[in-house]
Number of protein chains: 2
Amino acid sequence: MATRTGQDGLSRDRIVEAAIAMLDDGGENALTFRALSTRLKTGAGAIYWHVANKEELLAAATQAVLADVLRGDEGDTTPRDAVRAIALGMFDAIDHHPWIGGQLGGLASRSASMRIIERIGQQVQALGMPQEHQFFATSTLFSFILGVAGQNAANARARVGGRGRAELLGAEAAIWASLDPAEFPFLRSAAGQMGDHDDREQFLVGIDLILSGIGSAR
Amino acid sequence: MATRTGQDGLSRDRIVEAAIAMLDDGGENALTFRALSTRLKTGAGAIYWHVANKEELLAAATQAVLADVLRGDEGDTTPRDAVRAIALGMFDAIDHHPWIGGQLGGLASRSASMRIIERIGQQVQALGMPQEHQFFATSTLFSFILGVAGQNAANARARVGGRGRAELLGAEAAIWASLDPAEFPFLRSAAGQMGDHDDREQFLVGIDLILSGIGSAR
DNA sequence: ACCTGAACACCGTTCAAGT
DNA sequence: ACCTGAACACCGTTCAAGT
């Protein structure tokens with residue numbers, strides 16, 4: 001893989017590479033076949049010789065970005081740590097390429113999802129869950145990861161216009177803090193944590209929470 | 001709310017109502033301002049008098065569809081049952097209107113998300129979690145719900161072309177069952193459950209898993 | 001105040017024609 | 001085999017003009 005045929009001459013890999021770059025700095029809306037072909041100094045329709053359509057291109061980009069996570073070997077850590085490592089691998093990929101959050105659920109990137117579910121499932125199995133519950137436990141972990149991915153994607157979309165993460169979070173926290181305490185007691189009390197939490201830590205706490213649920217259901 | 005001014009005369013409510021109907025039976029791509037204005041027997045631009053743009057329209061539709069879940073009162077059930085009730089309310093809304101799965105994460109429907117987080121948060125509080133952990137526990141539950149919502153949305157998108165849920169699930173299970181057992185031991189062993197599980201039950205198991213994680217972290 | 005509908009600036013995708 | 005670029009059938013959105 002990644003057999004670049006050279007600087008000139010289109011290739012699926014060069015197209016995917018360029019698509020990822022555009023997605024990374026402009027979000028999903030920034031990826032158009034016209035802009036892509038301009039960047040690649042080729043005609044609008046040329047891309048279709050290498051890629052069936054936009055959906056396939058997005059799926060290929062998603063797969064490329066998740067390559068590391070999809071490949072990984074667990075070594076001889078505990079199942080618990082292995083799950084955390086897989087999840088964190090996903091988190092970091094999503095963090096660097098938030099647009100994959102909108103892709104992971106889709107049918108087009110099903111083979112990537114299957115590999116991830118497989119890796120998580122093996123660890124859930126090793127955790128000693130009874131057979132009948134392994135499937136549900138694994139999909140709970142996977143759904144949680146997808147949920148975080150989707151929120152990251154949405155946040156990144158909101159960020160395209162300007163403001164950075166800290167600014168956005170600060171604004172959100174300010175809104176929470178200014179709510180009617182009779183109607184929104186919880187949000188008010190959590191406004192502080194909303195304002196300065198660490199996304200990665202929050203994510204890990206979620207994984208741990210589910211893992212300890214799995215532990216107590218064993 | 002829902003003050004229909006009559007059969008004739010546009011109104012925000014009539015527009016949102018029509019938009020929901022179109023989204024329900026054609027998915028997100030089926031909602032265009034042209035098709036919408038045809039259905040409402042009006043001009044393409046008329047809608048913009050009542051709605052700022054498509055994003056706002058989608059947010060309004062999402063809010064309308066979640067109205068019941070957003071309003072609800074918990075009565076005097078246990079916190080655990082209250083969380084399950086809120087979550088199931090979300091699940092059913094998502095099940096009937098899968099397109100909201102793509103909206104919930106977004107900034108446009110933030111006020112809806114805030115209400116849901118508030119309701120869940122209050123119950124997590126009642127569950128006896130220490131203050132510092134309530135925020136993370138609540139957002140774990142919320143992220144999980146969003147993840148399931150996103151997958152439902154993606155599945156519904158795949159279904160637009162034809163095949164129903166059972167068919168799609170059967171096909172997926174068949175793929176899992178035919179995988180190389182050396183490379184995909186987990187997916188193979190779970191193929192049966194993949195084929196005939198109940199989505200609602202799977203969702204509830206996830207909620208329970210997180211709840212029991214919360215219980216043991218208390 | 002509210003609606004019309006043509007017009008603008010885009011899209012993804014196709015396809016005859018070139019090399 | 002691979003690429004070009006015009007053309008097709010759409011989009012969301014705007015806005016002068018109507019009532």
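So you know, we letter chains A, B, ... as the sequences are listed, proteins then strands, and number each from 1.
- Contact of the L179(B) side chain with the E118(A) side chain is not registered, since no non-hydrogen atoms from C-beta on lie closer than 4.5 Å.
- Nearer the 5' end of DNA chain C, as judged by each residue's closest nucleotide, is the contact made by L31(A), out of A46(A) and L31(A).
- Rounded to whole Å, atom C1' of dC10(D) lies 12 Å from atom NZ of K54(B).
- The aromatic rings of F135(B) and W176(A) lie perpendicular to each other, with more than 60° between the two planes, well past the 30° mark.
- At dA1(D), none of the side-chain N or O atoms of H50(A) fall inside 4.0 Å of OP1 or OP2 (strictly under the cut-off).
- Between R34(A) atom CZ and dC3(D) atom P the separation is 19 Å, expressed in whole Å.
- Between F144(B) and F203(B), the ring planes lie parallel to each other; the angle is under 30°, not in the 30° to 60° tilted range.
- Checking dA6(D) for Watson-Crick or G-U wobble geometry (two distances, each under 3.5 Å) identifies dT14(C) as its partner.
- The residue among G45(A) and A35(A) whose nearest nucleotide of DNA chain C lies closer to the 5′ end is A35(A).
- For dC2(D), one of the phosphate oxygens OP1 or OP2 lies less than 4.0 angstrom from a side-chain nitrogen or oxygen of W49(A).
- Taking atom CG of N53(B) as the reference point, atom P of dT14(D) lies 8 Å away to the nearest angstrom.
- The partner of dA1(C) is dT19(D), judged by Watson-Crick or G-U wobble contacts that both fall below 3.5 Å.
- The backbone N or O of M194(B) sits less than 3.5 Å from a side-chain atom of H197(B), completing a donor-acceptor pair.
- Across the protein-nucleic acid pair, L57(B) atom CG and dC11(D) atom P stand 15 Å apart, rounded to whole Å.
- The CG-P distance, from L10(B) to dC3(C), rounds to 5 Å in whole Å.
- One atom, CD of E28(A), and another, C1' of dG12(C), lie 14 Å apart when rounded to the nearest Å.
- Atom CZ in R14(B) sits roughly 14 Å away from atom P in dC2(C) (whole-Å rounding).
- Nucleotide dT13(C) holds its C1' atom 4 Å from the OH atom of Y48(A), rounded to whole Å.
- With hydrogens and angles disregarded, a donor-acceptor distance shorter than 3.5 Å links the side chain of S113(B) to the backbone of L104(B).
- Comparing K41(A) and F33(B) along DNA chain D, the residue whose closest nucleotide (by nearest heavy atom) sits nearer the 5' end is K41(A).
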